[in-house]
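Below: one structure, written as structure tokens.
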2 protein chains.
Amino acid sequence: MQTRKSRASFTGRVTMADVAKEVGVSAITVSRAFRAPGKVSPELHSRIVEVSRRLGYVPSRAASALASARSMTILALIPSLTNNVFVDVLVGIKEVLDAADYQMLIAITGYDQPDAEERMLRAHLGYVPDGILLTGVDQSEAVRTMIDGQGLPTVHMMDHSDREDLWWVGYSNAEAGRAVARYLLGRGRRRIGIIASQLDPRSLRRCEGCREVLAEAGLYDPGLDLRVPDHSSIPLGAELVERLLNQAPDCDAVFVCNDDLAQGAVFQCSQRGVAVPDRLAVVGFHDLNASAWASTPLTTVRTPRYQIGREATRLLLARIEGTPTSARRIDLGFSLVRRASG
Amino acid sequence: MQTRKSRASFTGRVTMADVAKEVGVSAITVSRAFRAPGKVSPELHSRIVEVSRRLGYVPSRAASALASARSMTILALIPSLTNNVFVDVLVGIKEVLDAADYQMLIAITGYDQPDAEERMLRAHLGYVPDGILLTGVDQSEAVRTMIDGQGLPTVHMMDHSDREDLWWVGYSNAEAGRAVARYLLGRGRRRIGIIASQLDPRSLRRCEGCREVLAEAGLYDPGLDLRVPDHSSIPLGAELVERLLNQAPDCDAVFVCNDDLAQGAVFQCSQRGVAVPDRLAVVGFHDLNASAWASTPLTTVRTPRYQIGREATRLLLARIEGTPTSARRIDLGFSLVRRASG
DNA sequence: CTGTTAGCGCGTTCAA
DNA sequence: TTGAACGCGCTAACAG
């Protein structure tokens, strides 16, 4: 029908059929030349490659995904890019994916709306990813249902879970919070505060871990526990430490649940003439790149973000391709890095 | 044929046809219910929505893109995420895209291989994006051909070009480099160095702008001009300023082409006991968030990255949808932010 | 090593 | 307001 033809010519894109006609073979041969070069005679192969280049042919992933039910794409759901925590994870993911010839789809969910993860997932599931990388282990029921319904292989990152059904690569945020509290107690601090923002489940678990140990020591004081929902940032850290110091002048240490907050806190202390760590010890979290290079280098907890990205992706690809894996949960741990601030 | 049926059931995904059967209508009605709710009776619409939710139906973008030649997806090509420059751009892009119900595909090209942009573009073009956002204006011939061949609307970001055929939103890197040189000269500096890394075209243009003005003043000294191909980072900045000071102890100012380098430079100066700005003035570039909060707050050039993301996306969407635009090139300028370091 | 046939899930066109 | 037929560009399954 004429009307149909006009639609085809409307897109204007060069298709496999165009290449095939030009070379004088059938489309399937062109298809094979790209997917399984070994199954096509060398000279045909090179002619096909040459003609494809000349014509500017770009294979349509949409069509390929439809026909093969494989997209060679994995989807990564990330809360945010504005502090570098997840950028490092993405770098790790991308390295492994590049090597395996997979594409990476990034969906940024944000911390704000509770249903954002569900909406972003739904929107991106349409690209028919072969697998999903999720941040954290606290997905909503709706998200779980959607993933299970599609039967999509999934690996969780950046936290720790006891659930038997989850595949994850991360570390225990709760344990990290406990470690910080013990460290500070071990250094003789007794009036230990907690500063957190954003209040995602992972930050909260760090706080809880810290609170737990302090409470056991009989040293937990809710008046020193500051948690605000705002996004974490350097200026916010400055503001919060100011507030803490005003409402509890005898506070002698603080666990700040994110390094950018902690950087701001240390900055504010120096503005205000509060000696760090003598008068106030500050311990951050994540060991962002800049933290070692602050005026007062930050004592902080280093998290293996890059490795988490790599290992989680390896695990996911193995799962997708049916390769046996030695473990389905990988705890990569954390380490307390002692520098000047605490 | 039986073999085909088995393939269909193999994917396991819920399709439009499944929803249609369950509701008791034809597939096209389900399609319309989502794309043009007004064209379906209200009660049918709500039943379709309900059944879709219950069945866990997720529309396939792949199929949709194939059938309609529209993907509601735009592709953003970004060199890197590891310093926050492009993260801010992405935030701007995403805001506008979210409001217009488009999806964002991010491709990270890296600075290293010269053909990476071409490869990433080719790989991602397969998703049939409706438009492309490119970083910079210096694409290779291959990239230009590929885009032109597909007839894809494109907007360039983060630089300035005199070419009539380019749509762009950015600022002049060359002019920014000149402005820094003039500023430093105006403050009485005479032995002005240049430090740059990464050496992407935009950094180089900043350097060139600076060099140009210094040369006009008869004050350009190649011995003060340090350009290395490594990725920019805080430690690298520390290293480079050290080198500069060693080979030219009388250097009294330096334009550092990236804020993270500049932060490292200032840090190193304080380690080494070099007074900033009295002995050495330091001017950075981009005004990253942390730059205002360093021990010596950075004098730097603020670039409107978030706005560039927004405006470039607006322009691109207008172009895609055929809305007339007032301009196809938008210079958003830059501003020199004077703080303590210079 | 190469070709034929059919259909992936959806949207366009035309008809009712 | 709803439906039938067709094809978007590609690949699986067979055959040759």
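We use all heavy atoms of the structure for the numbers below, so side chains are in, but hydrogens, waters and symmetry mates are not. Protein chains get the first letters and strands the later ones, always in sequence-line order, with residue 1 at the start of each.
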Specify the separation, in whole Å, of atom [atom1] of [X] and atom [atom2] of [N].
X: A:I28; N: C:dG7; atom1: CD1; atom2: C1'; answer: 13 Å
X: B:Y127; N: D:dC10; atom1: OH; atom2: P; answer: 15 Å
X: A:K39; N: C:dT2; atom1: NZ; atom2: C1'; answer: 12 Å
X: A:R13; N: D:dC8; atom1: CZ; atom2: P; answer: 14 Å
X: A:L66; N: C:dC10; atom1: CG; atom2: C1'; answer: 8 Å
X: A:R61; N: C:dC10; atom1: CZ; atom2: P; answer: 20 Å

Among the nucleotides [options], which one has an atom lying closest to any side-chain atom of [X]?
X: B:S41; options: D:dT1, C:dT4, C:dG9; result: D:dT1
X: A:R32; options: D:dT2, C:dC10, C:dG3; result: C:dG3
X: A:T15; options: D:dG9, C:dT4, C:dT2; result: D:dG9
X: B:V25; options: C:dG9, C:dT4, D:dG3; result: D:dG3

Can a side chain N or O of [X] be found less than 4.0 Å away from OP1 or OP2 on [N]?
X: B:S64; N: C:dC10; result: no
X: A:R35; N: D:dA12; result: yes
X: A:Y57; N: D:dC10; result: yes
X: B:T29; N: D:dT2; result: no
X: A:S31; N: D:dC10; result: no
X: B:S60; N: C:dC8; result: no

Return the minimal non-hydrogen interatomic distance between A:L81 and B:V87, and the atom names on each side.
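Looking at all heavy atoms of both residues, the shortest contact is O-CG1, 3.5 Å.
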With a 6.0 Å cut-off on the ring centroids, do B:W168 and B:H160 count as close?
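Yes, close enough.
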Residue whose closest nucleotide on DNA chain D lies nearer the 5' end, A:A27 versus B:A27
B:A27
Mind checking what makes salt bridge (charged side-chain N to carboxylate O under 4.0 Å, His left out) contact with B:R329, not counting sequence neighbours?
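Salt bridge (charged side-chain N to carboxylate O under 4.0 Å, His left out) check on B:R329 returns nothing, list empty.
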If the condition is salt bridge (charged side-chain N to carboxylate O under 4.0 Å, His left out), which residues does B:R310 pass it with, not counting sequence neighbours?
B:E95
Less than 3.5 Å apart, any donor N or O on the side chain of A:R144 or A:S140 sitting next to an acceptor on the other?
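Absent: no donor and acceptor within the cut-off.
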With a non-hydrogen cut-off below 4.0 angstrom, is B:G126 in contact with a base, only sugar-phosphate, or nothing?
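No contact.
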